[in-house]
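A quick note: this is a predicted structure, and the numbers were derived from the prediction, not measured. Residue numbering restarts at 1 for every chain, and letters A, B, ... go by the order of the sequence lines.
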2 protein chains.
Amino acid sequence: MRHRLKDVAERAGVSVKTVSNVVNGYQHVRADTRARVEEAIAELHYRPNLSARNLRKGRTGVIALAVPELDIPYFAELARHVVAAAAEHGWTVLIDQTGGGPEQERKAASGIGDHMIDGLILSPLALTADDLAALDGLPMVLLGERVDHGPADHVMIDNVAAAREITAHLVGLGRRRIAAIGSQRTPEGASARLRLEGYTTALAEAGIEYDDSLVAPAPAWHRADGAAAMRHLLTAEVRPDAVFCFNDTLALGALRALHEAGLRVPEDVAVAGFDDIEDGRFSIPTLSTVAPDKERIARLAVELLAGRLTADRDAPPRELVAPHRLALRESAPSPC
Amino acid sequence: MRHRLKDVAERAGVSVKTVSNVVNGYQHVRADTRARVEEAIAELHYRPNLSARNLRKGRTGVIALAVPELDIPYFAELARHVVAAAAEHGWTVLIDQTGGGPEQERKAASGIGDHMIDGLILSPLALTADDLAALDGLPMVLLGERVDHGPADHVMIDNVAAAREITAHLVGLGRRRIAAIGSQRTPEGASARLRLEGYTTALAEAGIEYDDSLVAPAPAWHRADGAAAMRHLLTAEVRPDAVFCFNDTLALGALRALHEAGLRVPEDVAVAGFDDIEDGRFSIPTLSTVAPDKERIARLAVELLAGRLTADRDAPPRELVAPHRLALRESAPSPC
DNA sequence: ATTGCGGGTTACAACGTTGTAGAAACCAGG
DNA sequence: CCTGGTTTCTACAACGTTGTAACCCGCAAT
């Protein structure tokens with residue numbers, strides 16, 4: 001049913017290698033030979049066996065993107081950009097969902113694709129620099145904040161600066177009791193720590209005293225967690241007049257909780273998020289947020305990986321910082 | 001740097017095949033031999049080369065899931081379930097984003113994974129039954145409505161019934177000028193046609209006359225399209241008092257447009273969607289919608305594929321219908 | 001002592017492809 | 001017609017793995 005080079009070769013009356021040459025676009029094949037071979041290929045619906053080709057070449061043309069959860073919109077949007085950027089290099093992307101667990105992440109980084117993938121773009125939550133160092137071999141690019149100065153290339157954004165800017169924006173709106181949602185004490189919460197740092201820095205710069213009761217933890221960063229945290233914050237004696245959520249889904253949950261509490265956004269409470277996901281442009285109200293340049297992040301990651309794969313396999317790891325900007329919408333509008 | 005069976009064999013002082021046997025859990029290996037081999041494996045960090053194994057076995061352990069767009073939440077959620085269901089069978093899922101274009105879909109179905117994947121779960125938008133019939137070879141399961149009675153296994157939900165039920169629910173709320181958003185005349189719009197049919201059926205059953213001006217097309221089913229369509233509907237002389245959007249993202253866009261127009265949901269206009277995406281549980285107001293059993297859809301698809309791969313490769317194609325239910329929330333609440 | 005048996009192990013070939021090296025065919029210039 | 005160089009093609013080996021068939025060995029049954 002499925003044919004091999006050999007079958008095509010027999011049909012065209014040439015050697016196996018000549019067919020291979022035609023398939024691979026080798027220059028020095030006589031026009032009529034090429035035609036005969038191509039005809040045979042068409043007639044037999046021949047398609048190369050990639051496993052064999054990969055075995056021979058030591059390359060697969062597939063890279064993996066491993067993210068914690070695909071139905072977190074940020075990762076889905078990022079995945080789209082990575083797929084697009086990889087396509088420009090002729091790569092297929094195998095998208096892998098790790099669930100954020102250490103075993104799954106380790107598996108993604110070593111087991112699954114071993115010799116099935118040429119490289120990996122990993123957004124680690126659980127794995128540490130040491131874990132990763134143990135996974136020699138596979139060219140890898142890391143995304144996000146979990147691993148600092150690790151053993152691999154790394155693309156990130158300046159979380160501290162971004163959090164500081166958006167918090168400062170809330171300050172600029174005249175808010176003083178600015179809450180934060182999303183803090184995490186676990187080792188997985190590296191992004192949370194950096195964003196908290198930006199938040200506290202901005203408060204300090206504005207001369208606002210840090211109030212621990214205004215900082216609500218969130219075990220995960222889903223809508224439900226944001227809503228729960230917001231409800232908790234609203235039980236306090238003095239209500240916050242703004243809240244900076246460490247990502248957009250948290251913020252959407254917070255919007256929901258504020259709505260249920262009968263509070264107006266931004267009049268009573270201004271809300272800001274982080275990630276600039278599509279939802280935030282259509283929520284009610286629309287969401288002010290930090291907009292990381294996802295397209296750039298994806299492109300940088302793919303290009304770092306390309307570099308690893310072609311040129312300097314053992315070059316020292318590079319760290320690149322992608323730009324971000326503030327996207328100011330209704331939930332915490334521009335002052336003007 | 002990367003080791004092969006041969007290296008392990010030399011280190012352990014046994015034959016290559018014995019190492020292979022250990023790796024594959026073959027029974028009849030003496031305990032001490034096994035121990036020596038395992039030690040050597042650990043020391044060398046040996047990992048099997050999957051390309052070679054696949055070449056030898058003719059199987060890859062990878063199936064592909066090809067969907068139009070990953071950042072449509074419905075597909076992202078579906079992907080999560082497919083990954084989970086496939087994991088139970090020991091498969092890795094290669095997620096592929098087709099963009100809904102015929103070339104990309106064809107490539108997904110034939111080129112990309114050829115001999116790299118054992119099977120494909122495809123959610124086609126552009127390809128027709130004829131296109132697919134031409135793609136012999138790869139075991140395939142189709143999702144959705146694009147291809148009816150095609151050449152491959154098929155998992156779908158009863159779109160007509162579901163659309164009829166949710167429309168009937170709007171009727172039950174006393175609405176009479178019920179609009180629809182999302183109609184499409186292109187061949188890609190198979191889901192749209194079925195949902196429109198359910199809509200018109202429900203109207204007919206309620207004795208409400210069909211009004212073409214209440215049916216708004218939407219080129220794609222994104223939030224922006226829903227908002228635009230809703231704005232257009234609101235320019236009519238008589239306002240609709242309910243709107244059935246053919247998916248949830250359209251509905252979220254419609255909510256946004258209604259909000260901007262100063263209309264209350266559901267008091268002035270009730271809104272219903274389709275898909276039951278996570279967003280709709282936290283939107284303001286929360287979204288009434290048709291909830292297809294995504295988990296079941298994914299499980300059925302994976303099991304159909306498993307059947308193709310193991311047993312009856314040439315059995316006649318099967319069509320399975322996954323259940324759905326109505327999820328009634330604030331935007332078109334239960335009458336009680 | 002020989003045979004039979006089966007557990008433990010091995011050599012070899014094969015999966016389908018491509019790189020290497022070289023053979024065969026061709027061409028131009030003498 | 002030969003020479004030298006290029007184009008065109010081919011045979012062979014190799015990539016790393018596993019299935020097949022066979023071998024060796026110790027032990028129980030003859």
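Contact annotation: side chain of B:R53 to base of D:dT17, donor-acceptor pair absent below 3.5 Å. For A:K6 and C:dG16, a side-chain-to-base donor-acceptor distance below 3.5 Å is absent, hydrogens and geometry of angles not being considered.
Within the model, atoms CZ of A:R36 and CD1 of A:I41 stand 12.5 Å from one another, a figure rounded to the nearest 0.5 Å. Here the CG-CD distance, from B:L44 to B:E10, works out to 10.0 Å after rounding to the nearest 0.5 Å. Interatomic distance, CD1 of B:I117 versus OG1 of B:T92, reported as 12.5 Å (0.5 Å rounding). Rounding to the nearest 0.5 Å places CG of A:L78 at 6.0 Å from CG of A:L143.
The NE2-P distance, from A:H3 to C:dT17, rounds to 12 Å in whole Å. When the C1' atom of D:dG16 is taken as reference, atom CD1 of B:I41 falls 14 Å away, rounded to whole Å. Between the CG atom of A:N21 and the C1' atom of D:dT8 there is a distance of 10 Å, rounded to whole Å. In this structure, the CG atom of A:D32 is 11 Å from the P atom of C:dC26, given to the nearest Å. In this entry the distance linking CZ of A:R47 with P of C:dT17 reads 13 Å, nearest Å. Atom C1' of nucleotide C:dT17 and atom CG of A:D7 are separated by 13 Å, given to the nearest angstrom. In this structure, the NE2 atom of A:H28 is 19 Å from the P atom of C:dA23, given to the nearest Å. Counting to the nearest Å, the P atom of D:dA14 and the CG atom of A:L55 are 14 Å from each other.
For the pair B:R56 and B:K17, both in contact range of DNA chain C, the more 5′-proximal nearest nucleotide belongs to B:K17. Mapping B:K57 and B:G13 onto DNA chain C by nearest heavy atom places B:G13 closer to the 5' end of the strand.
In this structure the side chain of A:L50 never reaches within 4.5 angstrom of the side chain of A:T60, judged on heavy atoms.
In terms of phosphate contacts, A:N24 brings a side-chain nitrogen or oxygen within less than 4.0 Å of OP1 or OP2 of C:dT18. Within the structure, every side-chain polar atom (N or O) of A:S51 is placed at least 4.0 Å from both OP1 and OP2 of C:dG16. Phosphate proximity of C:dT18 to A:S20: present, with a side-chain N or O under 4.0 Å from OP1 or OP2. Between B:Y26 and C:dT10 there is no side-chain polar atom (N or O) within less than 4.0 angstrom of OP1 or OP2. Contact between the side-chain N/O atoms of A:T18 and the OP1/OP2 oxygens of D:dT10 is found at a separation under 4.0 Å.
The listed nucleotides are C:dT9, D:dT7, D:dT17; the one nearest the side chain of B:R30 is C:dT9. Listed candidates were C:dT10, C:dT18, D:dT17. Nearest to the side chain of B:L5 is D:dT17.
In this structure, A:V23 reaches neither bases nor backbone, as no heavy-atom distance under 4.0 Å exists between it and the strands shown.
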